[in-house]
Amino acid sequence: MDITLVQDGPFRFRIDQQDPMRVPGVVFATRDLLPQAAGDKALEQVANVATLPGIVRASFAMPDVHWGYGFPIGGVAATDIEDAGVVSPGGVGFDISCGVRLLAADIECDPLAPNMRTLMDILGDTIPRGMGRGGLWKLKGRPQMEELLVGGARYAVESGHGVPRDLARCEDYGVLDGADPSQVGQRAVERGLQQVGSLGSGNHFLEVQAVDRVYDAEAAAAFGLRPDQVCVMIHCGSRGLGHQVCTDHVRVMDQSLRTYGIHVPDRQLACVPVVSPPGRAYLGAMAAAANYGRANRQLLAEAARHAFAVAAGVDVDLVYDISHNTAKIETHEVDGVQRRLCVHRKGATRALPPGDPSLPEDLAGAGQPVLVPGTMGTASYVMVGTPGNDAFLSACHGAGRVWSRHQALRRVRGEELRSELEAQGIAVRPSSWRGLAEEAPGAYKDVDAVATATEGAGLARLVARLHPLGVVKG
DNA sequence: ATGTCC
């Protein structure tokens, strides 16, 4: 397909429908944010996704869009489950329910400063991270794993890892419905048994941050955020378990394409109807892996709380926990009709507007917090969902890669990067020099521009900007 | 993202 972008507004581009696309592509971005690296096939992927059976409205891309497995990262696609709509593991990604959790400490930067070194040392010593490695909570075996896969963050809290109030501030109250542990293979379970409560690697991190700007005082107050306040942001996912679930079900779907007579322009878009046996199996396994990811973030939050209590005697409350790699069954109005859709968000964050019935009472007035992590040495943003978001209530999820890992390794040395960050007053507790170099700030889009474009496109509004004080790097 | 190739 020949990809031609037509500008529809300052933050909106269109890829017109052409055979075999079923709907147009819509890219929310500025010219500067559009994928430009040589060989970046993200826009071609937006068009490819538009060919999926049952897709409605458009194949969307958020301002942080970049090349991914089958679907672009930063992609949103919804299929009508009653009109042969498909589910595709590539539309969720390998790191199922990867997401962000933000906690707010009851202290400002200056009073914490004398204890900052101790805090970072405790976090550095207690937060498991890096490839492989153990987690904070060793599960006893498959029976206990199945409880966690069904119960998610709620199971973690019921097991003593957190307080009930945490669950009110988790997407879906900490549990994605429909988990089917019987669809999670033994290899996935074995990979997951030792990893609950661990960051992993890549762009995952635990960061101590401070609120350096408030754009919307009312929403910030509703979220429990105030100027100069110290926060903790945790970005991680479902580790080896989610990866194995994706691998196992992609294999099944690749073999099922012919059975269902589905033709896709890229094998990485392997998919089956939502209502088919392999579709149901994947969604059950995906929900189970999502619950693993949510329990994982719950355990890490508890470790952060413990560190703040020991280092500074300070309480830490959950602001919100939201995934940005999911497929969820949701009801949306399309062409004047309420339809049951399978909404794929891959590197895209759900963004519920004020008054949405799924929000807890204390967030209903403000809307859902949208958490946008930057990368090391850069800001992160708290945004909020807005009405009139036609991308099925979705927003960006972070900065978005522009250099490949290989390019980053050629350009940056981990040791030098740590020195530069420490010179900026940012404490760094890395897990490997290589991992640090791969995640250099220069390897990513400008998160400030991504957040500004997200607001300009009407996907979410700015609430607060956070700057890093210390990073524990996966 | 990922026991970075069963």
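These values consider heavy atoms only, across backbone and side chains, with no hydrogens, waters or symmetry-generated copies. Naming: A, B, ... by sequence-line order, numbering from 1 per chain. Since the model is a prediction, treat every value here as computed from it, not as a measurement.
Counting to the nearest Å, the C1' atom of dT4(B) and the CD atom of E438(A) are 9 Å from each other. F94(A) places its CZ atom 13 Å from the C1' atom of dC5(B), with the value rounded to the nearest Å. At whole-Å resolution of the value, CD in Q244(A) and C1' in dT2(B) are 10 Å apart. Atom CD in E439(A) sits roughly 13 Å away from atom C1' in dT4(B) (whole-Å rounding). Regarding M131(A), its CE atom lies at a distance of 5 Å from the P atom of dT4(B), rounded to whole Å. Regarding L199(A), its CG atom lies at a distance of 15 Å from the C1' atom of dT2(B), rounded to whole Å. Distance, R187(A) CZ to dC5(B) C1': 11 Å, rounded to whole Å. Atoms CZ (R401(A)) and C1' (dT4(B)) sit 13 Å apart, rounded to a whole Å.
If you check every strand for non-hydrogen atoms under 4.0 Å, Q195(A) touches sugar and phosphate atoms only. Within the nucleic acid shown, G93(A) has no heavy atom closer than 4.0 Å to any nucleic acid atom.
For the pair R413(A) and W433(A), the cation-pi criterion (under 6.0 Å, within 45° of the ring axis) is not fulfilled. Stacking of R101(A) on the aromatic ring of Y320(A) is not recorded, the 6.0 Å distance cut-off and the 45° axial limit not both being met.
Using a 4.0 Å cut-off on heavy atoms, the residues of residues 233-243 of chain A that approach DNA chain B are R239(A), G240(A), H243(A), listed by number.
The distance between the ring centers of Y292(A) and W137(A) does not fall below 6.0 angstrom. Ring to ring, H324(A) and H235(A) are close: their centroids are under 6.0 angstrom apart.
For the residue pair Q244(A) / D248(A), a side-chain donor-acceptor distance below 3.5 Å is found, with atom types taken as modelled. For the residue pair N325(A)/H397(A), the side-chain donor-acceptor check at 3.5 Å is not satisfied. A donor atom on one side chain and an acceptor atom on the other are found under 3.5 Å apart for R297(A) and S323(A).
Put simply, S201(A) has a side-chain N or O that comes within less than 4.0 Å of OP1 or OP2 on dT2(B).
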